[in-house]
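All figures in this text were calculated on a predicted structure; none of them were measured in a lab. The figures that follow rest on heavy atoms only: side chains count, while hydrogens, waters and symmetry mates do not. Positions are given from 1, in the same order as the sequence printed here.
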Amino acid sequence: MLTGPQIQAVIAGLFLTLRIAGVALLFGVLIGTLVALGRISKNKILNGITWFYIWVLRGTPLLMQLFLFYYAGPLFTRDVLGFQLRLSPVTMAFIAYSLNSGAYLAETIRAAIQSIDKGQMEASKALGMSYYQAMFRIIIPQSVRRLIPPLGNEMIMLIKDTSLVASIALFDILRTVTQMVNASGQWYYYLYAVGIYLVLTSLVQIVFAQIEKKYSIYD
């Protein structure tokens with residue numbers, strides 16, 4: 001059984017995991033939407049920049065991205081700007097996870113937008129809307145339902161991937177439990193982490209399934 005201080009430590013690790021995953025999903029959607037619009041833009045420069053962003057962020061490990069922001073970032077600012085810009089580990093985790101999530105969601109959002117019948121855009125323009133007015137008022141709202149399952153999957157991946165923040169000295173669920181194992185020599189503490197992750201991911205599946213079911217009535 002867990003002692004009082006151990007329970008408090010696990011709860012703190014749980015909240016940290018949820019904070020990072022929640023913030024990353026929120027900003028990932030915002031970043032992903034903007035990047036997706038850049039990917040389908042006819043502007044070659046904007047298209048190229050967004051393609052490069054996706055290529056780099058999806059083509060490199062998330063752990064390395066964390067290291068770049070947390071360890072290499074201050075050294076880079078020291079060499080280029082003349083001073084070390086060092087943010088808190090939590091802030092660095094927010095930035096790294098949000099940018100990484102945005103790169104993955106960008107392609108998902110792009111596919112969802114392009115799946116909407118082109119006649120919708122033509123009809124919007126016929127009503128006097130600009131491209132971006134039609135996109136944000138007509139096209140993107142219609143693509144939301146198709147984004148619900150991928151968003152649920154992304155949230156699950158983010159919850160599990162938060163275990164990497166132990167590499168930048170943050171105590172998430174896994175690192176907290178690992179410290180208990182190292183201090184006590186008892187392996188079964190890992191079972192608590194397994195149970196928490198399973199409960200969290202199951203809840204995410206249930207919530208997003210209900211949201212998808214609610215939106216499906218409009219199909």
Enumerate donor-acceptor pairs with a distance under 3.5 Å from any side-chain N or O in residues 1-27 to protein atoms, sequence neighbours excluded.
from: Thr3; atom 1: OG1; to: Gln6; atom 2: N; distance (Å): 3.4
from: Thr3; atom 1: OG1; to: Gln6; atom 2: OE1; distance (Å): 3.4
from: Gln6; atom 1: OE1; to: Thr3; atom 2: N; distance (Å): 2.9
from: Gln6; atom 1: NE2; to: Tyr189; atom 2: OH; distance (Å): 3.4
from: Thr17; atom 1: OG1; to: Gly13; atom 2: O; distance (Å): 3.0

Would you be so kind as to tabulate the donor-acceptor pairs closer than 3.5 Å made by side chains of residues 83-90, with sequence neighbours excluded?
from: Ser88; atom 1: OG; to: Thr91; atom 2: N; distance (Å): 3.2
from: Ser88; atom 1: OG; to: Thr91; atom 2: OG1; distance (Å): 2.8

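Taking the side chain as every heavy atom from C-beta outward, Tyr104 and Thr108 never approach each other to under 4.5 Å. Side-chain contact between Ile31 and Tyr53: present, with at least one pair of heavy atoms (C-beta onward) separated by less than 4.5 Å. Ile211 places a side-chain heavy atom less than 4.5 Å from the side chain of Val207. At least one side-chain heavy atom of Leu200 sits less than 4.5 Å from a side-chain heavy atom of Ile196. Within the 4.5 Å cutoff, the side chain of Arg175 has heavy atoms near those of the Asp172 side chain. Side-chain contact check for Pro149 versus Glu212: some heavy-atom pair is nearer than 4.5 Å. Looking at Phe69 and Leu99, their side chains come closer than 4.5 Å, going by heavy atoms from C-beta outward.
Between the side chain of Ser143 and the backbone N or O of Ile140 there is at least one donor-acceptor pair closer than 3.5 Å. At least one donor-acceptor pair closer than 3.5 Å links the side chain of Gln142 to the backbone N or O of Ile138. Checking side-chain atoms of Ser101 against main-chain N and O of Tyr97 turns up no donor-acceptor pair under 3.5 Å. Formation of a donor-acceptor pair under 3.5 Å by the Thr201 side chain with backbone atoms of Leu198 is found in this model.
Connection of Ile109 to Val144 is not established within any shared hydrophobic cluster, with ILVMFWY side chains joined at heavy-atom distances below 4.5 Å, either directly or through further cluster members. Under the 4.5 Å side-chain heavy-atom criterion for ILVMFWY residues, a single connected hydrophobic cluster contains both Val56 and Leu62. Cluster annotation: Phe171 and Tyr197 are assigned to distinct hydrophobic clusters (Ile/Leu/Val/Met/Phe/Trp/Tyr, side-chain heavy-atom contacts under 4.5 Å, transitive). In this structure, Leu174 is a member of the same hydrophobic cluster as Met180, with clusters built from ILVMFWY side-chain heavy atoms closer than 4.5 Å. Linking ILVMFWY residues whenever their side-chain heavy atoms come closer than 4.5 Å, directly or via other members, leaves Val194 and Ile156 in distinct clusters.
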Item to check | Working for side chain to side chain contact (heavy atoms under 4.5 Å, CB included), residues Ile113 and Thr33 | outcome: CA-CA 10 Å; Ile113 291 174; Thr33 301; 5.6 Å; no
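Scanning both residues, Pro74 and Thr77, for their nearest heavy atoms gives O-OG1, 2.9 Å. Of all the heavy atoms in Ser115 and Arg146, the pair that sits closest is OG-NH1, 2.6 Å. The shortest non-hydrogen separation linking Asn47 to Ser41 is ND2-O, 3.4 Å. Contact record, Leu57 with Ala103: CB-CB, 3.4 Å, taken as the closest heavy-atom pair.
Evaluation of the salt bridge (charged side-chain N to carboxylate O under 4.0 Å, His left out) rule for Arg39 yields Glu107 as partners, not counting sequence neighbours.
Defined by atom type and a distance below 3.5 Å, a donor-acceptor pair is present between the side-chain atoms of Gln65 and Thr60.
Summarising the geometry, atom CD belonging to Gln210 is positioned 11.5 Å from atom CD1 belonging to Ile148; distances are rounded to the nearest 0.5 Å. Between the CG atom in Leu63 and the CD1 atom in Ile168 there is a gap of 9.5 Å [rounded to 0.5 Å]. Distance check: Glu154 CD to Leu105 CG gives 4.5 Å after rounding to the nearest 0.5 Å.
Residue-environment remark: CE (Met157) stays at or below the threshold of 12 foreign heavy atoms within 6.0 Å. Within 6.0 Å of atom CD1 in Ile45, 12 or fewer heavy atoms from other residues, nucleotides or ligands are found, so the atom counts as exposed in its surroundings. Other residues, nucleotides and ligands contribute only 12 or fewer heavy atoms inside 6.0 Å of the CZ atom of Phe76.
Under the side-chain contact (heavy atoms from CB on, under 4.5 Å) test applied with Ser167, the options Phe67, Tyr70, Tyr71 reduce to a single match, Phe67.
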